[in-house]
Amino acid sequence: MNVTIRKFEEKDIANKIKWINDERNNRFLHYDLPLEYEKTLDWYNRNKGRSDRFDAVIEYNGLPVGIIGLLNIDKKCRKAEIYITIGEHELKGKGIAKEATKLLLNYAFDTLDLNKVYLFTEKDNVIAQKLFERLGFIKEGLLHDDVINRDILVSRYVYAYYKRDHNQSGATSWRKYYDPTPIYRLNFELNGNTFFIKRDDLYPISFGGNKARKALLYFSDIASGDYDCVVTYGSNSSNHCRVIANLAASKNLPCHIISSVDDGKESANRKLSTLLGAYVTYCNIAEVSETIDEKIKELKDNGFKPYFIMGGGHGNIGTQAYVDCYEEICCYEELNNIKFDYIFLASGTGTTQAGLVCGQILRDDFNRRIIGISIVRRNPYGGKVVLDSVNDYLISKGMSCVISDFINFIDDYVLNGYGTCNSSILRTIKQVLVQDGIPLDTTYTGKAF
Ligand SMILES: *Cc1c(COP(=O)(O)O)cnc(C)c1O
């Protein structure tokens with residue numbers, strides 16, 4: 001689509017007047033209507049030299065179709081307000097506004113080096129809200145009875161978009177569909193310590209969990225490339241496979257799961273994966289890796305373009321998901337004026353822990369410790385895998401590696417391995433369920449807690 005933006009010029013005044021005076025366009029605009037030529041020319045001459053605003057024209061296939069710009073450009077706080085109107089009515093709904101906004105955001109973040117672009121939209125202006133939400137703007141609040149439009153007091157939403165989200169290509173448009181998962185303070189207390197819990201189990205895809213948070217980023221990577229099916233692996237009880245099967249089904253992508261033969265009992269996760277249309281290939285545990293290679297080769301031979309996701313969502317994209325989660329935790333702290341001394345988590349493949357640690361490194365935020373409680377691996381191997389994931393990620397960001405001092409990986413609770421549990425863990429799970437109504441599980445969260 002050929003959309004460009006350029007600076008507003010005197011020759012654009014006639015178009016602006018026509019567009020703004022068009023009743024199909026101006027319901028939510030706050031101009032002194034009708035616009036007239038002399039006054040608009042005067043407005044143009046008064047404003048053209050100002051550095052606290054940027055007015056531009058949107059062109060579609062070389063023809064002017066609307067206006068866009070930044071108001072109240074604040075160099076000190078590095079923010080500005082965005083506005084946009086597509087004036088040519090028959091060209092609405094074609095995605096021109098979206099493309100033009102992206103171009104203006106590039107200008108705002110890259111050229112003006114702003115940190116934040118915000119806007120106000122009347123509560124009833126649902127079309128604008130959808131547009132900005134699709135672009136990754138976050139609704140930050142409702143301002144009651146905020147302006148007068150046609151003699152009536154109306155409320156407006158304020159939306160904002162941040163530079164830090166702009167540069168994570170692809171991820172944004174997916175991730176921002178969802179609010180941060182909640183953080184609750186528990187009634188449970190121990191030795192005078194208070195506990196908070198981040199409810200990633202409420203992550204809103206397919207029963208949630210860290211696999212859902214990771215999977216969403218993998219699917220935005222898939223969407224940005226040329227792929228037409230997905231291959232992954234996991235056990236019969238894998239949360240990861242369930243979530244991947246769910247997202248693949250939602251995108252109409254065939255999903256192939258490689259799984260080692262197990263006790264034959266069909267878990268709820270496996271039932272769901274099958275229900276969601278995933279194709280499961282069973283093999284002996286020693287042959288998982290070669291079965292994956294064979295499956296990928298077979299698909300390619302048949303003309304497919306498979307996307308491969310490591311078990312558990314392991315890899316830099318999975319790590320990124322928990323860098324994002326770390327950001328959410330920091331946001332919560334800022335909003336609530338609190339600082340957590342420790343973050344504890346259940347550590348399996350170590351991607352979740354690696355993401356949190358990378359978030360800490362990126363923020364230079366070393367006043368707390370992140371403690372991974374191993375649910376299966378023993379040290380030194382388990383801790384080394386976390387460290388490798390951290391360094392893989394840092395290298396991908398052009399940063400230097402860290403040493404093992406950054407990793408706290410504790411294997412004291414592994415017991416007899418994956419999924420094993422004891423009476424003290426069961427007592428803890430029961431206590432949290434009774435006091436806080438939150439169900440922990442015996443394999444991961446119960447052990448870590
Ligand atoms: C997979 C999983 C973990 C472990 O996450 P890793 O990133 O593999 O360390 C923890 N809790 C739950 C519920 C999981 O499904």
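Treat the numbers as computed from the prediction; the structure is a model and nothing was measured. First listed ligand is number 1; within each ligand, the first listed atom is number 1.
- Under the 30°/60° scheme for interplanar angles, the aromatic rings of F344 and Y342 are found to lie parallel.
- At least one donor-acceptor pair under 3.5 Å links the side chain of K198 to the backbone N or O of T181.
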- Run the numbers on V402 and L387 for side-chain contact (heavy atoms from CB on, under 4.5 Å), then give the verdict. CA-CA 8 Å; V402 294; L387 179 65; 4.1 Å; yes
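- Judged by distance alone, the side chain of K214 and the main-chain N or O of G312 form a donor-acceptor pair under 3.5 Å.
- Remark: ligand 1 and G350 share an N or O pair separated by less than 3.5 Å (distance only, no angle test).
- In terms of protein heavy atoms, atom 1 (C) of ligand 1 is closest to K211 NZ, 1.3 Å.
- The distance from ligand 1 to the heavy atoms of K214 drops below 4.0 Å at these ligand atoms: 6 (P), 7 (O), 8 (O).
- For ligand 1, one of its N or O atoms has an N or O atom of G348 under 3.5 Å away.
- Residue-ligand proximity, T349 to ligand 1, at heavy-atom distances under 4.0 Å covers atoms 6 (P), 7 (O), 8 (O), 9 (O).
- Nearest to atom 5 (O) of ligand 1 among the protein's heavy atoms is N210 ND2, 2.8 Å.
- The closest approach between a heavy atom of S347 and any atom of ligand 1 is below 4.0 Å.
- Here the heavy atom of the protein found nearest to atom 10 (C) of ligand 1 is Y444 CD2, 3.2 Å.
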- Task: Begin from the C-alpha positions of N25 and K92 and carry the test side-chain hydrogen bond (donor to acceptor under 3.5 Å, both in side chains) through to its verdict.
- Result: CA-CA 10 Å; N25 297 336; K92 285 183 183 168; 2.5 Å; yes
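- Shown in contact with T352 at under 4.0 Å from a heavy atom are these atoms of ligand 1, numbered in order with element: 5 (O), 6 (P), 7 (O).
- In the vicinity of T351, heavy-atom distances shorter than 4.0 Å reach the ligand 1 atoms 7 (O), 9 (O).
- R6 contributes no side-chain N or O that, together with a main-chain N or O of I58, makes up a donor-acceptor pair within less than 3.5 Å.
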- Run the numbers on D221 and Y307 for side-chain hydrogen bond (donor to acceptor under 3.5 Å, both in side chains), then give the verdict. CA-CA 9 Å; D221 196 42; Y307 185 96; 2.6 Å; yes
